[in-house]
Amino acid sequence: MEDVQTRHANPLVVDAGSGNAYLGFVVYELFLKDAAGGELLSIEGRPDLTERAKGRAERLHFDRMRFQTAHIDAAEYPERIHVLMALHACDTATDDALVAAIKHGADHVAVVPCCQAEVAAQLKEKKAKPAGSMSLLFQHPWHRREFGSHLTNVIRALTLEAYGYQVTVTELTGWEHSLKNELILGRRVHGDNRRARLQLQALLAETGVQPRLTRLLGIKPAGAAGGGAEAESASEPVSEAEPAPEPTPDAAPASPSES
């Protein structure tokens with residue numbers, strides 16, 4: 001937040017899958033309440049939660065909080081996002097949030113994934129079982145759930161890296177507070193990272209999965225039609241990344257429409 005507030009006069013923060021918008025209220029109180037500019041857009045699919053949060057913002061006079069009732073994948077996003085955050089957006093909803101961040105050039109991304117079930121289901125399918133001993137990692141249902149969750153988040157981190165983000169994976173809080181506490185942070189520093197893309201394509205090929213995030217972005221496994229280089233190419237020396245354009249202060253973003 002301090003980074004985008006330094007570089008942009010009117011930073012736009014998106015809270016994707018905001019629920020009761022508690023996270024958004026905390027961010028607004030800490031960073032936007034006394035700032036000269038900046039807006040926070042909360043996107044939530046349940047109308048009752050949207051209306052409740054909107055009323056709370058009115059009572060608190062948080063005039064630059066905006067609310068939209070929509071699922072993350074169907075929301076109307078402003079052309080430019082500066083910070084996107086998603087706390088416990090369930091299963092593929094986190095993928096939808098990451099796609100929005102990538103497509104709208106978010107400077108910073110912060111997501112805490114939850115209930116990663118899609119990849120575990122793909123691992124269960126025969127077509128998603130790689131040859132060799134790799135399949136032993138998810139032979140049992142319990143291991144499949146855990147391995148699937150881990151693999152999902154590894155793919156998410158690699159995808160962000162492929163699109164030029166410097167990624168940090170850490171804990172949001174202690175395990176005693178939440179078992180879903182893996183925090184993926186991304187800061188956009190490059191325009192593209194070919195090495196990370198090759199590694200991602202190799203991982204998709206080796207594990208036989210194709211999660212929603214990679215499908216929406218058109219990233220195919222190595223060796224697939226249109227998938228680019230073969231898996232072994234991921235280890236070849238390649239240019240690390242193309243630099244991103246030099247960041248410049250934005251004009252004030254258009255106010256997102258409310259539902």
Side-chain angles (χ1 to χ4, degrees), residues 1-90 92-114 160 165 172-173 177-178 180-181 183-188 247-259:
M1 284 300 301
E2 292 174 351
D3 175 60
V4 297
Q5 285 181 308
T6 299
R7 296 192 290 109
H8 305 287
N10 289 284
L12 178 67
V13 181
V14 172
D15 184 7
S18 56
N20 285 294
Y22 295 144
L23 176 60
F25 281 105
V26 170
V27 170
Y28 192 98
E29 172 73 27
L30 292 176
F31 297 101
L32 297 178
K33 179 181 177 182
D34 299 320
E39 293 185 356
L40 191 145
L41 171 62
S42 291
I43 296 173
E44 169 55 44
R46 290 164 289 185
D48 56 324
L49 298 186
T50 301
E51 290 303 314
R52 190 182 307 163
K54 188 184 297 184
R56 188 180 300 115
E58 291 172 354
R59 292 192 298 273
L60 293 171
H61 303 290
F62 284 7
D63 300 327
R64 284 174 284 118
M65 283 192 79
R66 304 285 181 259
F67 300 89
Q68 184 180 151
T69 302
H71 293 294
I72 299 173
D73 62 338
E76 295 182 6
Y77 294 95
E79 183 176 347
R80 181 74 161 89
I81 295 172
H82 297 96
V83 176
L84 184 139
M85 54 190 186
L87 176 61
H88 292 164
C90 192
T92 59
T94 295
D95 291 338
D96 294 327
L98 292 175
V99 168
I102 290 168
K103 289 188 174 181
H104 294 274
D107 298 46
H108 294 271
V109 177
V111 298
V112 180
C114 182
L160 285 173
Y165 288 84
L172 173 68
T173 184
H177 299 295
S178 174
K180 297 295 183 179
N181 71 340
L183 174 62
I184 302 175
L185 298 170
R187 180 170 68 92
R188 190 168 181 267
T248 56
D250 291 316
S255 296
S257 58
E258 296 183 17
S259 298

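When all heavy atoms of Asn10 and Gly38 are compared, the pair lying nearest together is OD1-N, 3.5 Å. Nearest heavy atoms, Val109 versus Ala101: CG2-CB, 3.7 Å. In terms of heavy atoms, Cys114 sits closest to His88 at CB-CA, 3.7 Å. The shortest non-hydrogen separation linking Phe25 to Ala53 is CZ-O, 3.4 Å. Minimum heavy-atom separation, Ile72 to Ala93: CD1-O, 3.7 Å. Minimum heavy-atom separation, Ala100 to Leu84: CB-CD1, 4.2 Å.
Note that the CG atom of Leu160 and the CD1 atom of Ile102 stand 5.0 Å from one another [nearest 0.5 Å]. To the nearest 0.5 Å, atom CZ of residue Arg52 and atom CZ of residue Phe67 are 12.5 Å apart. Separating the OG atom in Ser42 from the CZ atom in Arg66 is a distance of 11.0 Å, to the nearest 0.5 Å. Residue Arg46 holds its CZ atom at 11.0 Å from OG1 of Thr69, rounded to the nearest 0.5 Å. In this structure, the separation between CD1 on Ile43 and NE2 on His71 is 12.0 Å, given to the nearest 0.5 Å. The CG atom of Leu23 sits 5.5 Å away from the CG atom of Leu87 when rounded to the nearest 0.5 Å.
In this structure a side-chain-to-backbone donor-acceptor pair under 3.5 Å is missing from Arg80 to Leu12. Of the possible polar contacts, one joining the Glu44 side chain to the Gly19 backbone as a donor-acceptor pair under 3.5 Å is found. At distances below 3.5 Å, at least one donor-acceptor pair connects side-chain atoms of Gln68 with backbone N or O atoms of Glu76.
With Val13 as the fixed residue, the side-chain contact (heavy atoms from CB on, under 4.5 Å) test singles out one of Leu40, Val4, Ile81: Leu40. Of the options Met85, His82, Met1, Arg187, a side-chain contact (heavy atoms from CB on, under 4.5 Å) to His108 is made by Arg187 and by none of the others.
Residues Val83 and Pro11 are not in side-chain contact: their nearest non-hydrogen atoms beyond the backbone lie 4.5 Å or more apart. Residues Val111 and Leu98 meet the side-chain proximity criterion, which asks for heavy atoms closer than 4.5 Å. Looking at heavy atoms from C-beta onward, Phe31 lies out of side-chain contact with Val26 at the 4.5 angstrom threshold. No side-chain heavy atom of Thr94 sits under 4.5 Å from any side-chain heavy atom of Val112.
Between the side chains of Asp107 and His8, a donor-acceptor pair is found at a separation under 3.5 Å.
Under the 30°/60° scheme for interplanar angles, the aromatic rings of Tyr28 and Phe62 are found to lie parallel.
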